Amino acid sequence: MKEVIENYYDLSILGFIKVNDYVYKIKSDQYYYLKFVSDDTLNHIVDYIESLHLKCFVDILKNKDNQILTSYQDYYFYLMEALDESQDELKEIKMKTYFETLSYLHYHSCYYLKVNQEYFKKIYHDINHIIEERTQYYDDIMKSCEQKVYRSPSQWLFVLNYYRIMNSLYTAKMYLKKFMDLVVHVSSLRVCLVYKNFDYQHISLKNRKLLSIDHMSIDIPIYDIYDIYSKLPDILFDLDCLSDYYLKTMVLNDYEKVLLCTLLNVVPVIYLEDDEISNIIKISRLLYYIDSICTLSSKLDIQISHENK
């Protein structure tokens with residue numbers, strides 16, 4: 001690999017530091033990151049970024065063929081400058097920066113794509129299937145707890161809050177129904193560049209840039225917000241007000257708001273094991289997640305009917 005990099009990028013490689021199986025830090029005249037990807041779809045994403053002159057991503061080096069991807073064995077790789085970033089502890093500010101960057105990215109890359117009703121029917125089928133699976137999963141946990149003569153503290157915590165989990169899943173179904181009502185006459189869909197790879201390590205405060213682009217695609221903008229909240233159990237501070245940094249710039253339409261609320265109310269899976277303290281933390285974080293999405297839903301001001309509940 002050293003010879004390939006030196007040949008294609010005219011760099012003198014002094015050493016490699018393995019970050020994981022797909023990422024290496026390279027020492028040359030300065031530091032670079034090398035990232036492996038499985039296909040060449042990144043070419044289209046970078047072309048779109050360059051055509052729109054978006055300035056929110058770290059620069060990717062081009063090889064001697066003026067390409068961003070270089071073939072190596074069964075993969076491709078790309079090189080990007082390793083930016084100096086020593087402010088990992090400032091997570092609240094990083095989150096603010098991330099929301100602001102997403103709003104900039106989405107707003108400046110939007111366009112409309114023609115779709116038919118089969119597209120929305122597939123969304124309905126896929127999400128409804130996940131809701132049913134998630135309902136069955138938590139129902140099985142509840143039945144297991146009910147069979148216990150003596151329940152542990154975590155089992156009691158689950159039993160006492162089981163209704164909240166079920167209510168969230170029921171609410172997801174109501175939102176999904178409302179989504180289908182809203183899109184019945186929709187023939188074009190707003191799409192944009194979406195990042196879908198939230199990680200504090202990918203946010204450079206000094207440069208106000210995102211450091212990884214290999215998960216990017218063109219899709220509905222709300223998937224980036226969903227990506228953040230899907231990682232919410234690992235975030236122990238309040239995100240509710242920070243979402244304003246996105247919503248004040250990127251105005252979501254009604255069906256986007258409803259689809260976002262649908263996805264968020266499909267509560268994530270938690271795996272309960274033998275460690276009682278770990279189980280209590282997992283359940284508590286799930287309850288925090290439910291509180292957070294309720295607050296966000298109220299901010300989006302989407303009303304659904306529960307008359308058949």
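Only heavy atoms go into these numbers, but all of them, side chains included; no hydrogens, no water, no symmetry mates. Small disclaimer: the values here were computed from a predicted structure and weren't measured. Sequence positions, counted from 1, serve as the residue numbers for this chain.
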Within the 6.0 Å centroid threshold, strictly below: Tyr98 and His202: no
Side chain to side chain, Val266 and Glu133, heavy atoms closer than 4.5 Å: no
Would you give me the side-chain donor-acceptor pairs under 3.5 Å for residues 117-126, sequence neighbours excluded?
{"from": "Gln117", "atom 1": "NE2", "to": "Val183", "atom 2": "O", "distance (Å)": "2.8"}
{"from": "Gln117", "atom 1": "NE2", "to": "Val184", "atom 2": "O", "distance (Å)": "3.2"}
{"from": "Gln117", "atom 1": "NE2", "to": "Val186", "atom 2": "O", "distance (Å)": "3.4"}
{"from": "Lys122", "atom 1": "NZ", "to": "Asp126", "atom 2": "OD2", "distance (Å)": "2.7"}

Between Ser212 and Asp214, a side-chain donor and acceptor under 3.5 Å: yes
Heavy-atom side-chain contact between Thr262 and Leu264 under 4.5 Å: no
CG (Leu14) with more than 12 external heavy atoms under 6.0 Å: yes
Least distance between heavy atoms, Val194 atom then Ile220 atom: CG1-O, 3.6 Å
For the student: nearest non-hydrogen atoms of Leu263 and Tyr289, plus distance: O-OH, 4.4 Å
Close side-chain approach of Leu54 and Tyr104, heavy atoms under 4.5 Å: yes
Thr41 and Asp39 side chains, donor-acceptor separation under 3.5 Å: yes
Name of the residue among Tyr170, Tyr163, Tyr162 meeting side chain to side chain contact (heavy atoms under 4.5 Å, CB included) with Met166: Tyr162
Nearest non-hydrogen partners of Leu105 and Met216, listed with the distance: CD2-CE, 4.4 Å
Contact summary for Asn253 and Arg190, nearest pair of heavy atoms: N-NH2, 4.0 Å
Ser187 and Lys114 side chains, donor-acceptor separation under 3.5 Å: no
Review item, side-chain donor-acceptor pairs of residues 58-65, under 3.5 Å, at least two apart:
{"from": "Asn63", "atom 1": "OD1", "to": "Asp65", "atom 2": "N", "distance (Å)": "2.9"}
{"from": "Asn63", "atom 1": "OD1", "to": "Asn66", "atom 2": "N", "distance (Å)": "3.2"}
{"from": "Asn63", "atom 1": "OD1", "to": "Gln67", "atom 2": "N", "distance (Å)": "3.0"}
{"from": "Asn63", "atom 1": "ND2", "to": "Gln67", "atom 2": "O", "distance (Å)": "3.4"}
{"from": "Asn63", "atom 1": "ND2", "to": "Leu69", "atom 2": "O", "distance (Å)": "3.3"}
{"from": "Asn63", "atom 1": "ND2", "to": "Thr70", "atom 2": "OG1", "distance (Å)": "2.9"}

Heavy atoms from other residues, nucleotides or ligands near OH of Tyr22 exceed 12 (cutoff 6.0 Å): no
Steps toward side chain to side chain contact (heavy atoms under 4.5 Å, CB included) verdict (Tyr245, Thr101): CA-CA 9 Å; Tyr245 291 110; Thr101 304; over 6 Å; no
Check ion pair Glu132-Lys173 (N to O, under 4.0 angstrom): yes
Sub-4.5 Å side-chain heavy-atom contact between Leu34 and Met1: yes
Validation row: Leu260, Tyr229 side chains within 4.5 angstrom (heavy atoms): no
Test item: side-chain donor near acceptor, Asn207 and Ser204, under 3.5 Å: yes
Any residue meeting salt bridge (charged side-chain N to carboxylate O under 4.0 Å, His left out) with Glu276, in chain and number order, not counting sequence neighbours: none
CD1 on Ile68 to CG on Leu42, rounded to 0.5 Å: 4.0 Å
Ring geometry between Phe158 and Tyr138 (parallel below 30°, tilted from 30 to 60°, perpendicular above 60°): parallel
N/O donor-acceptor pair under 3.5 Å between Ser109 side chain and Leu193 backbone: yes
Spatial distance of atom OG (Ser278) from atom CG (Leu272) [nearest 0.5 Å]: 8.5 Å
Side-chain donor-acceptor pair present, Asn265, Ser168, cut-off under 3.5 Å: yes
Side-chain donor/acceptor of Asp224 to backbone N/O of Leu102, under 3.5 Å: no
Side chain to side chain contact (heavy atoms under 4.5 Å, CB included) between Leu189 and Tyr255, worked out: CA-CA 10 Å; Leu189 191 71; Tyr255 70 77; 3.6 Å; yes
Side-chain heavy-atom pair Asp199, Leu211 within 4.5 angstrom cut-off: no
Aromatic Tyr78 / basic Lys35 pairing, under 6.0 angstrom, 45° off normal: no
From Phe179 atom CZ to Glu256 atom CD, the distance as rounded to the nearest 0.5 Å: 9.5 Å
Verdict with supporting geometry, Tyr9 and Leu79, side chain to side chain contact (heavy atoms under 4.5 Å, CB included): CA-CA 9 Å; Tyr9 293 89; Leu79 292 182; 3.7 Å; yes
Enclosure of Asp10 CG (heavy-atom neighbours >12, cutoff 6.0 Å): no
